[in-house]
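Worksheet: the structure to be examined is printed underneath.
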Amino acid sequence: MLVAIAAVTFWPAMTEHPHEPGILDFFPDAMFGEGTFFSFNRVTLARVIVAVVLCAVLGAAASRAKLVPTRGQQLVEMLAEFVRRSIGIEMLGDARGRRFAPLLGVIFIGVLGMNLTGVVPGINIAASSVMAVPVVFAVLSYVTFLAAGIRAQGLGGFLRSQLFPPGMPWPIYFLITPIEFFSSFVVRPATLAIRLLCNMISGHLLLALTFFGTSAMLASAGAMKGMAVVMVGTSLVVTLFEIFIAILQAYIFAVLTAVYIKLSVEAH
C-alpha cells in the first residue's frame, strides 16, 4: 500500500513542468475569497478534505458496528486499540488511560490525517505544514493538561506541583519557580506546535526537491538523463520516508500529550 501511494504521488512530478520548491509552496494562491477572512486555498482545502473524510469514515464505523466486524471496522478498532493501550494505558495507567483515550485518539488520528495530505496526489502539501493546524492541536493538548491537573489536585495543588518542586531550600525557589513556569506553561505548548510544523515543512521541501531534481534531469540532455534513474529511486524512498514521518509525528504528539497529562495529575 505504501509503495502504491509513493508511486502515484511520484507520477505527477515526472509528467508536469518542473516546479522549484520554496517557501511560497506553503502560501498558495487563493481559490476564492482572496484578501478576506474567508480566503480559501489549497492548504485549507486539504484540511477540509481530511476533516470530512475522517468524520465520514469514523462515523460510518461507529454507526454500523457489528458483533462480527467487517474489514473496515477491524481497521478502525485496531487503530483505536493501539491508541488506547500503547499510548493511553501505557503512559497513564489503566483508569486514566481509558478516560483520556478518546482525546488521544482524536489527536493521533487528526494529526496523522493532516500530515498525510503531503503525499496525496493533487494536494501534495501537508495540512499541518502551516502553523494554524499545529496550534489547534497544541491548544487542545494544553487545555487538557491544565484541566486534568486542576481537576486532580485543585488549582492550588496543581500550581504548587508545577512551580514548587519539593525538597529544596526556599531561596532556591526564586530561581527555580520562574524556570518551571516558563517550562510548563510556555515551552510545552509551543514546542508541540513548532516540532510538528518544522517536521512537516522540512518533509515537504525534501520531497519537493527530489521531485524537482528528477524532473530537471529528465528534461536535460546527455548523461544527466541517466542520473534521473537514480533520482527516481531516491524520490520513491523519500516519499515512503515522508509517510513514515507523518505517522511518527502523530504518535509523538499523542505520546507527549499523554506525558503532559501524567505530569499534571501527579504531584512531583
Nearest heavy-atom contact between Leu112 and Ala250 is N-CB, 3.6 Å
Closest heavy-atom pair, Tyr251 versus Ser86, reported as atoms and distance to 0.1 Å, is OH-O, 4.4 Å
Handout entry: Audit row: Ile243, Asn115, side-chain contact (heavy atoms from CB on, under 4.5 Å) steps and yes/no
Key = CA-CA 8 Å; Ile243 295 171; Asn115 290 350; over 6 Å; no
| query | Any side-chain heavy-atom pair from Phe253 and Ile107 closer than 4.5 angstrom? | reply | yes
Q.
Check this for me: Phe241, atom CZ, are more than 12 non-hydrogen atoms of other residues, nucleotides or ligands nearer than 6.0 Å?
A. no
For Phe181 and Phe164: C-alpha separation, side-chain torsions, deciding distance, then whether ring pair (Phe, Tyr, Trp, His ring centres under 6.0 Å) applies. CA-CA 9 Å; Phe181 175 84; Phe164 300 95; over 10 Å; no
Q.
Could you tell me if the side chain of Ile150 sits less than 4.5 Å from the side chain of Leu159, heavy atoms only?
A. no
CG (Leu196) and CD1 (Ile252) are apart, to the nearest 0.5 Å, by 10.0 Å
In this structure, would Val83 and Val259 fall into the same cluster of hydrophobic residues linked by side-chain contacts under 4.5 Å? yes
_Test side-chain contact (heavy atoms from CB on, under 4.5 Å) on Gln162 and Phe185; report intermediate values, then the result._
CA-CA 9 Å; Gln162 297 299 313; Phe185 300 106; 4.2 Å; yes
Flag side-chain contact, heavy atom, 4.5 Å: Arg99 against Leu92:
no
Q. Quick check: are there more than 12 heavy atoms from other residues, nucleotides or ligands sitting under 6.0 Å from CG of Asp94?
A. yes
Margin query: Atom CE of residue position Met78 - does it have more than 12 heavy atoms of other residues, nucleotides or ligands inside 6.0 Å?
Written below: no
Check whether Ile247 and Leu192 end up in the same hydrophobic cluster, where Ile, Leu, Val, Met, Phe, Trp and Tyr are linked by side-chain heavy atoms less than 4.5 Å apart. yes
d(Ile261 CD1, Leu146 CG) to nearest 0.5 Å is 11.0 Å
Separation between CZ (Phe244) and CD (Gln249), nearest 0.5 Å, reads 9.5 Å
Exercise for the section: Please confirm whether Phe108 and Phe137 have ring centers closer than 6.0 angstrom. Expected result: no
**Item:** Verify same cluster id: Val187, Leu256 (apolar side-chain graph, 4.5 Å)
**Value:** no
> Is there a side-chain contact (heavy atoms from CB on, under 4.5 Å) between Arg84 and Ile89 once you walk through the steps?
Replying inline: CA-CA 6 Å; Arg84 184 169 68 91; Ile89 294 176; 3.9 Å; yes
Point to revise | Gln153/Val265 under side-chain contact (heavy atoms from CB on, under 4.5 Å): CA gap, chis, key distance, verdict | key: CA-CA 7 Å; Gln153 303 184 65; Val265 299; 5.5 Å; no
Shortest non-hydrogen pair, Pro189 vs Ala138, comes out as O-CB, 3.6 Å
Original post:
Just wondering, more than 12 heavy atoms not from Glu90 lying within 6.0 Å of its CD?
Top reply: no
For Val133 and Ala127, the nearest pair of non-hydrogen atoms, with its separation, is CG2-O, 3.3 Å
Quick one, Leu236 and Leu240 - any side-chain contact, counting heavy atoms below 4.5 Å? no
Rounded to the nearest 0.5 Å, the CZ atom of Phe145 sits from the OG atom of Ser184 at a distance of 5.0 Å
| Are there more than 12 heavy atoms of other residues, nucleotides or ligands under 6.0 Å from atom CD of Gln74? | yes
Across all chains, not counting sequence neighbours, the side chain to side chain contact (heavy atoms under 4.5 Å, CB included) partners of Val237 are none
Verify, without hydrogens or angle tests, whether Thr257 (side chain) and Ser141 (backbone) share a donor-acceptor contact under 3.5 angstrom. no
Arg42 meets the salt bridge (Lys or Arg N to Asp or Glu O under 4.0 Å) criterion, sequence neighbours left out, with none
Q) Would the number of heavy atoms belonging to other residues, nucleotides or ligands and lying under 6.0 Å from CZ of Arg98 be above 12? A) yes
### Sidechain-backbone polar pair: His204 side chain, Asn124 backbone, donor-acceptor under 3.5 Å
yes
Val50 meets the side chain to side chain contact (heavy atoms under 4.5 Å, CB included) criterion, sequence neighbours left out, with Leu54, Met114, Thr117
Notebook entry, point to check: Can you check whether Met200 reaches Arg195 side chain to side chain, under 4.5 Å on heavy atoms?
Noted result: no
CG of Leu197 to OG of Ser128, rounded to nearest 0.5 Å, is 8.0 Å
When hydrophobic residues are tied together by side-chain contacts of less than 4.5 Å, even through go-betweens, does Leu75 share a cluster with Phe82? no
Looking only at heavy atoms, the pair that brings Tyr173 and Pro178 closest together is O-CD, 3.8 Å
Value for CD1 (Ile245) from CG (Leu206), rounded to nearest 0.5 Å, stands at 9.5 Å
When every non-hydrogen atom of Ile172 is compared with those of Met168, the smallest separation belongs to CG2-SD, 4.1 Å
Any donor-acceptor pair under 3.5 Å from Thr177 side chain to Phe174 backbone: no
Q. Judged by atom type as modelled, is there a donor-acceptor pair below 3.5 Å linking the side chain of Ser63 to the main-chain atoms of Gly59?
A. yes
Under 4.5 Å between side-chain heavy atoms, hopping through other hydrophobics if needed: is there a path connecting Val48 to Val136? no
